[in-house]
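Have a look at the structure below, then the notes.
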Amino acid sequence: MKKYAFLALAACAAALAGCSGGGQGASDDAITVGFSQVGAESEWRTANTRSVKEALAAPEFNLKFSDAQQKQENQIKALRSFIAQRVDVIAFSPVVESGWETVLREAKAAGIPVVLTDRAVQVSDESLYATLIGSDFVEEGRRAARWLIEDSEGLEGPVRIVELQGTVGSAPANDRMRGFKEVIDQDARFSIVRSQSGDFTRAKGKEVMEAFLKAETGGIDVLYAHNDDMAIGAIQAIEEAGLKPGTDIRIVSIDGVRGAFEAMNAGKLNATVECNPLLGPQLAQLIRDVHAGREVPKRVMVEEGVFTRDQAAAELPNRKY
Ligand code: AHR
């Protein structure tokens with residue numbers, strides 16, 4: 001009786017957490033994975049979700065996928081539901097960095113290993129997760145700034161920069177801000193005159209850029225956007241303000257998605273720093289390893305580059321996302 005009550009509860013929790021997938025074609029000894037995704041806020045995220053779903057397709061895995069719609073409370077609910085369902089491994093890409101301690105302790109107490117993907121968490125006890133696979137966001141911010149400095153050779157200051165931040169409190173927003181500032185602060189010509197979150201979406205990127213353009217009567221020389229989607233939204237705002245993106249305002253963003261290459265090809269975006277979303281295959285291997293009790297590195301980095309307008313036409317056909 002108790003067992004049935006528990007199963008019913010777990011099913012309800014799964015429904016509440018918006019889980020999908022689970023079992024079609026999975027073999028009897030499949031590894032049940034509960035995956036909580038951030039949302040569908042960007043081209044990058046869509047490519048990441050596709051990569052994860054493809055890599056964790058049945059029969060070797062039994063994937064329970066949940067979309068948090070960019071809300072931490074939804075992710076916490078999803079993780080609790082995975083714990084209640086006794087999944088074998090939990091994997092998730094945390095919306096923000098802090099506030100995970102309690103639920104991760106619950107997973108640990110239940111004996112369920114946790115694999116972090118894409119974004120980091122801030123916890124006092126690192127044993128609360130097995131490993132983190134993802135990009136070096138601080139380095140991505142540094143790369144954007146280094147490109148800007150190299151591209152501005154011979155240019156006299158002051159160079160007025162506006163910054164479109166990602167989701168407040170998220171690892172990529174915190175780290176990309178830090179890395180960019182660290183490098184830009186070494187060159188007296190540059191100053192960040194405005195910095196605000198556009199939540200990693202095109203719509204918000206456009207909205208915040210409109211506000212920047214209205215407020216900055218002294219002019220804007222450079223836009224640094226924490227992702228391509230916000231840059232693409234901002235490009236629209238710049239055009240609507242009667243300015244030429246990529247010429248009147250130089251733009252550097254992060255991700256390297258197809259939309260950014262198209263914008264570079266059209267001369268509207270100057271450079272994009274790559275952030276690879278195709279983490280699925282490496283994530284699948286880490287899940288196999290932690291499930292089998294094999295030792296895994298605490299941090300797995302992803303290799304990435306920087307692309308500029310002159311490389312866009314040649315690179316565009318090779319982009320997989
Ligand atoms: O965490 C990775 C970031 O999240 C990507 O740069 C951004 O596009 C996404 O929304």
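The figures that follow rest on heavy atoms only: side chains count, while hydrogens, waters and symmetry mates do not. As the structure lists them, so they are numbered: ligands from 1, and atoms in each ligand from 1. Everything quoted here is computed from the prediction, not taken from an experiment.
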For the residue pair [X] and [Y], would you count it as a cation-pi contact if the rule is NZ or CZ under 6.0 angstrom from the ring centre and within 45 degrees of the ring axis?
{"X": "Lys53", "Y": "Phe65", "answer": "yes"}
{"X": "Lys77", "Y": "Phe82", "answer": "no"}
{"X": "Arg176", "Y": "Tyr224", "answer": "no"}

Region of Arg176 engaging ligand 1 - heavy atom pairs below 4.0 Å: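 The answer is the side chain.
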Mode of Glu43 contact toward ligand 1 - side chain, backbone, both, neither (heavy atoms, under 4.0 Å):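 Under 4.0 Å from ligand 1, Glu43 contributes no heavy atoms.
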Donor-acceptor pair, side chain of [X] and main chain of [Y], under 3.5 angstrom:
{"X": "Asn48", "Y": "Pro277", "result": "yes"}
{"X": "Trp44", "Y": "Asn227", "result": "no"}
{"X": "Asp289", "Y": "Val296", "result": "no"}
{"X": "Lys298", "Y": "Glu126", "result": "yes"}

Check: Trp44 N/O within less than 3.5 Å of ligand 1 N/O: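 No, since none of the N or O atoms of Trp44 sits under 3.5 Å from an N or O of ligand 1.
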Ligand 1 N/O within reach of His226 N/O, cut-off under 3.5 Å: no
Cluster overlap Met230 with Met264, hydrophobic side-chain contacts below 4.5 Å: yes
Residue and atom name of the nearest protein heavy atom (relative to atom 8 (O) of ligand 1), distance in Å to one decimal: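 Result: Asp255 OD2, 2.6 Å.
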Shortest protein heavy-atom distance from atom 10 (O) of ligand 1, along with the residue and atom involved: Glu41 OE2, 2.5 Å
Run the numbers for me: atoms of ligand 1, each under 4.0 Å from some heavy atom of [X], listed by number.
{"X": "Ser42", "answer": "7 (C), 8 (O), 9 (C), 10 (O)"}
{"X": "Pro172", "answer": "1 (O)"}
{"X": "Arg119", "answer": "1 (O), 3 (C), 4 (O), 9 (C), 10 (O)"}

Proximal candidate to atom 1 (O) of ligand 1 [heavy atom criterion; set Val38, Asn227, Asp228, Asp118]: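 Looking at heavy atoms only, Asp118 sits closest to atom 1 (O) of ligand 1.
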Asp229 touching ligand 1 at heavy-atom level, < 4.0 angstrom: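 No, Asp229 has no heavy atom closer than 4.0 Å to ligand 1.
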